[in-house]
Amino acid sequence: MKIILLLSFVLFAQGYGNSLDSCQGRCGYGTDPEYTCQCNSACERYGDCCHDYVTICKGSLSCKGRCGEKYDSQNKCHCNSECGRHNNCCSDYKDLCGGDTGGGGGNISDREIAALSEVLYAVDSNKASMNEVILDPQALVPDSQTSAQQDLSPDKLFQFVDEASLFSKPTYAAFLALLDNYNRNTGVTESFSPQQLEEQEHFLNEAISNTEVGQELYAFLFTKGVYKSEEEFKYDLKMMWFGLYSRYNGKMDSSGFEHIFAGEIKSNKVSGFHNWLQFYQLEKRGLLNYYSHSFNGPWETYPDVLGMQFKWDGYYKQVGSAIMGCSPEFDLALYSLCYIARPGKQCKLSLGGKPLIIQTYTWDNSSYGDGKKYIASAFPATPRS
């Protein structure tokens, strides 16, 4: 009996001793004098980090030994109950910790996403009619030829746009006012005047508070517990879409809105650029030359989807997919829904009974708020031929 008790005590003491000098399950917790070493960002300043602090707490992309840890901005990904809401869970959080990684929308099913997208499609009263926007897609090329940079379409893509009818609508006017607020070159710091910051607020107010599309999206996310108020929702959208981060050389040169809707130039190529209104404006001014298309969606009315090849003032875009003829609030709503519910993944929608997949990407090199991730990109994932 004495031997068993002694062995039990030794094993307990060894296990207890190991826990005192390890960061297993302790990442981000405050300084505790009961432990022989620490596992938070302060330990780097005081030189009392545990031997496995860097491996477990800073460098690890896994939740092994980290489930339930407190938030630490130094971590590349997180393993606590809030990480799903902030889109920053480690990839194995759900498997190892049994939690929800859905970016605040992890409890939203594919069926619910498809149903909501049908609602948004039905209430988009500001979308263009077939008489208000007339397209001439011309040359259709296979995927194998999209890199050829051949101008196979002698005419413009946009044959007619009824600006008087469409651009007088509040969300169109607010959206168009934003497009000239950016320098398209990555590596050049973006800065906004007070008026330009007000234009961001104005667009979100018009798109979310003053349209059926925006209100339906907010009501759904509210009922799912993603947001507690409309103001919280709009603030998160502002940070998600307009918050600046660096794509090149440490400059605050990019945002989700600029990349997706206005377009950028990086490494001598067009990057992003997934919006029909920006395409039309630049083509009208002679700054964009439409070459061909590699995909044309099955919809017979707007919104439709087109995968295009074009040159923007000398820079080529191999495949720029966009939702054509939709309202600005519809574009914003679909991409936001997919980013919130399926960050960094494919998002399966349904428009008029026809499937549409939106691919989103998270920006993992910087964050806002409690470690929330900016939107890096979102676009219609056109099928390959």
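Everything quoted here is computed from the prediction, not taken from an experiment.
- Contact of the Ile208 side chain with the Leu332 side chain is registered, since non-hydrogen atoms from C-beta on lie closer than 4.5 Å.
- Note on ring orientation: taking the six-membered ring where Trp is involved, the planes of Phe257 and Phe203 are perpendicular (angle over 60°, cut-offs 30° and 60°).
- Across all non-hydrogen atoms, the minimal contact from Gln196 to Phe192 is OE1-CA, 3.2 Å.
- The heavy-atom pair separating Gly187 from Lys251 by the smallest distance is O-CG, 3.3 Å.
- In this structure a side-chain-to-backbone donor-acceptor pair under 3.5 Å is missing from Tyr315 to Ser271.
- The cationic group of Lys127 lies under 6.0 Å from the six-membered ring centre of Tyr121 and within 45° of the ring axis, placing it in a cation-pi geometry.
- Looking only at atom types and distance, the side chain of Glu199 has a donor-acceptor partner in the side chain of Asn181 under 3.5 Å away.
- When all heavy atoms of Ala381 and Gln346 are compared, the closest pair comes out as CB-NE2, 4.3 Å.
- Closest heavy-atom contact between Val213 and Glu329: CG1-O, 3.7 Å.
- No option in Tyr291, Tyr290, Phe310 other than Tyr290 meets the side chain to side chain contact (heavy atoms under 4.5 Å, CB included) test with Ser153.
- Residues satisfying the ring-ring contact (aromatic ring centres under 6.0 Å, His included) criterion with Phe233, sequence neighbours excluded, are Tyr218, Tyr227.
- A distance of 6.0 Å separates OH in Tyr172 from CG in Asn126, rounded to the nearest 0.5 Å.
- Contacts of Cys338 classified as disulfide (SG to SG under 2.5 Å), with partners at least two apart in sequence or in another chain: Cys347.
- For the atom pair CG of Leu306 and CG of Leu135, the computed distance is 7.0 Å after rounding to the nearest 0.5 Å.
- Taking 4.0 Å as the cut-off between side-chain N and carboxylate O, Glu201 and Lys234 do not count as a salt-bridged pair.
- Phe279 and Phe273 have perpendicular rings, their planes meeting at more than 60° on a 0 to 90° scale where under 30° would count as parallel.
- Residue Phe167 qualifies as enclosed at atom CZ: its count of foreign heavy atoms under 6.0 Å is above 12.
- The closest side-chain donor-acceptor pair between Glu132 and Ser165 falls under 3.5 angstrom.
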